[in-house]
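Report on the structure given below.
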There are 2 protein chains.
Amino acid sequence: MQKQYNNRIEVVLEVIGGKWKAHILYHLTRGPIRTGELKRLVTGITQKMLTEQLKELEQDGLIVRKVYNQVPPKVEYTLTEYGESLKEVLKVLCDWGGDYIKFRYPNGEVTVRNGNEEL
Amino acid sequence: MQKQYNNRIEVVLEVIGGKWKAHILYHLTRGPIRTGELKRLVTGITQKMLTEQLKELEQDGLIVRKVYNQVPPKVEYTLTEYGESLKEVLKVLCDWGGDYIKFRYPNGEVTVRNGNEEL
DNA sequence: TAACATAGGCACGAAAAAGTACCTATAGAA
DNA sequence: TTCTATAGGTACTTTTTCGTGCCTATGTTA
């Protein structure tokens, strides 16, 4: 069956949407990173969800999975060149999201971890 | 219980994410619009999902619901001033989404309705 | 009088997404 | 020999999201 999107926004949302991808991508924008470190940084994610999401990002052509042939295993994930182009999109989303939080919750009732970091 | 986001991207995704909001917002960016017209434009949406999503967008401060006191009822939805600020975000998402489709499916295996309209 | 147009509500069921628990492989260190 | 570190896999359950079907209100029109 042939996929048909209603508009181009849906395309992006399918790629970066869901409960974990934004958080994962957030860390990937800072450079190559090992599985275990991601697991530590992405608070609350399980092994299953992490590998599942990474696999999807890889299939979508946004990241590359590099396996070092050693024991214990070492696997590193990196944004592809195309994945790099997401950075500016994420930047725009971050900016709007930050402003929105201030607009909706001016007294800090809702907070954002790393709310002040760049990107 | 107090909500805590992991990063500012999640904030935006919560507001414009899900199966229908992008499509609804897409049409709202073109100006005030009645419920019935939205239902016609947002292909496949049900009454229930439409009103549900509109209610959320209203609670999030992005749209305004204006009721005309007449029979049969007339209700019109409009972007708020803050909602207007979403336009540039949606524009960026559209642009990336359009490019991505070309990148991933250079032979047009996947299509986007209204893929050439502005915004 | 009966049907229509418009916007919406609600109970319930189906489907999709996410979470839990437990399993594998392997070289080296204790 | 047993335990550790690392990355990943799978069956199953729970939670969240979405869809279906049917109901309400009311002035106008046929």
Side-chain angles (χ1 to χ4, degrees), chain A residues 1 3-6 9-28 32-60 63-78, chain B residues 1 3-7 9-25 27-28 32-60 63-78:
Chain A
M1 227 264 290
K3 182 116 199 173
Q4 156 91 296
Y5 291 96
N6 290 300
I9 306 171
E10 291 182 349
V11 178
V12 194
L13 293 183
E14 185 161 294
V15 165
I16 71 170
K19 184 167 179 182
W20 298 108
K21 292 220 180 114
H23 203 173
I24 291 171
L25 286 167
Y26 182 82
H27 292 293
L28 278 163
I33 185 169
R34 294 186 60 180
T35 315
E37 198 179 353
L38 260 178
K39 193 154 40 178
R40 255 169 274 121
L41 291 171
V42 180
T43 324
I45 200 170
T46 61
Q47 172 74 54
K48 182 203 164 205
M49 289 312 290
L50 181 59
T51 56
E52 205 169 288
Q53 303 299 301
L54 287 170
K55 202 177 289 178
E56 288 180 17
L57 290 171
E58 195 193 2
Q59 281 167 359
D60 288 340
I63 65 176
V64 162
R65 180 170 181 269
K66 182 170 181 187
V67 182
Y68 293 80
N69 200 29
Q70 60 187 53
V71 169
K74 174 177 173 181
V75 176
E76 215 172 55
Y77 293 93
T78 319
Chain B
M1 227 264 290
K3 182 116 201 174
Q4 156 90 299
Y5 292 96
N6 290 301
N7 60 57
I9 306 171
E10 291 182 350
V11 178
V12 194
L13 293 183
E14 185 159 295
V15 165
I16 69 170
K19 184 168 179 182
W20 299 108
K21 292 220 179 113
H23 203 173
I24 292 171
L25 286 167
H27 292 294
L28 277 162
I33 184 168
R34 293 185 61 180
T35 315
E37 198 179 354
L38 260 178
K39 195 155 36 178
R40 255 170 275 121
L41 291 172
V42 180
T43 325
I45 198 169
T46 60
Q47 173 74 53
K48 182 205 166 206
M49 289 312 291
L50 181 59
T51 57
E52 204 170 289
Q53 304 298 301
L54 287 170
K55 202 178 288 176
E56 288 180 17
L57 290 171
E58 194 193 3
Q59 281 166 358
D60 289 339
I63 66 175
V64 162
R65 180 170 182 271
K66 183 172 181 186
V67 181
Y68 294 79
N69 201 30
Q70 59 186 54
V71 167
K74 173 176 175 181
V75 176
E76 213 171 58
Y77 294 92
T78 320

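In the text below, chain A, chain B and the rest are named by the order of the sequence lines, each starting its count at 1. The shown structure was predicted, so the numbers you read here are calculated from the model rather than taken from an experiment.
Applying the 4.0 Å criterion to OP1 and OP2 of D:dG9, one finds that A:Lys55 has a side-chain N or O inside that range. At the phosphate of D:dT6, neither OP1 nor OP2 sits under 4.0 Å from any side-chain N or O atom of A:Arg34. At least one side-chain nitrogen or oxygen of A:Thr35 sits closer than 4.0 Å to the OP1 or OP2 atom of D:dG8.
In this structure, A:Asn69 places its CG atom 17 Å from P of D:dT6, rounding to the nearest Å. For B:Gln70 and D:dT28, the CD to C1' distance is 12 Å, given to the nearest whole Å. Atom CZ of B:Arg40 and atom C1' of C:dA5 are 11 Å apart (whole Å). Separating the CH2 atom of A:Trp20 from the P atom of D:dT16 is a distance of 13 Å, rounded to the nearest angstrom. Look at NZ on A:Lys48: it is 13 Å from P on D:dT13, rounded to the nearest Å. Distance, A:Met49 CE to D:dT16 P: 14 Å, rounded to whole Å. Summarising the geometry, the separation between CD on B:Gln47 and C1' on C:dA5 is reported as 13 Å, rounded to the nearest angstrom. Atom NZ of A:Lys74 and atom P of C:dA27 are 18 Å apart (whole Å).
A:Lys74 contributes atom NZ, which lies 5.5 Å from atom CZ of A:Arg34 (distance to the nearest 0.5 angstrom).
No side-chain donor-acceptor contact under 3.5 Å links A:Glu37 to the backbone of A:Ile33. The closest donor-acceptor contact from the side chain of A:Glu10 to the backbone of A:Asn6 lies under 3.5 Å.
Comparing A:Glu52 and A:Pro72, the nucleotide of DNA chain C nearest to each residue sits closer to the 5' end for A:Glu52.
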message = side-chain hydrogen bond (donor to acceptor under 3.5 Å, both in side chains) for B:Tyr5 and B:Glu14? Distances and angles first, verdict last.
response = CA-CA 10 Å; B:Tyr5 292 96; B:Glu14 185 159 295; 2.9 Å; yes
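For B:Lys19, the side-chain atoms get nearest to D:dG19 when compared with the rest of D:dG19, D:dA7, C:dT20. Picking from D:dA7, C:dT6, D:dG8 the nucleotide with the shortest atom distance to the side chain of A:Thr51 gives D:dG8. In this structure, the nucleotide among D:dT6, D:dT20, C:dG8 sitting nearest to the side chain of B:Arg65 is C:dG8.
Residue contacts for B:Tyr77: at a heavy-atom cut-off of 4.0 Å it reaches the sugar-phosphate backbone alone, with no base atom in range. Among the protein residues, B:Lys39 comes within range of no part of the nucleic acid, since none of its heavy atoms lies under 4.0 Å from any strand.
In this structure, A:Glu56 pairs ionically with A:Lys21, as a charged nitrogen and a carboxylate oxygen lie closer than 4.0 Å.
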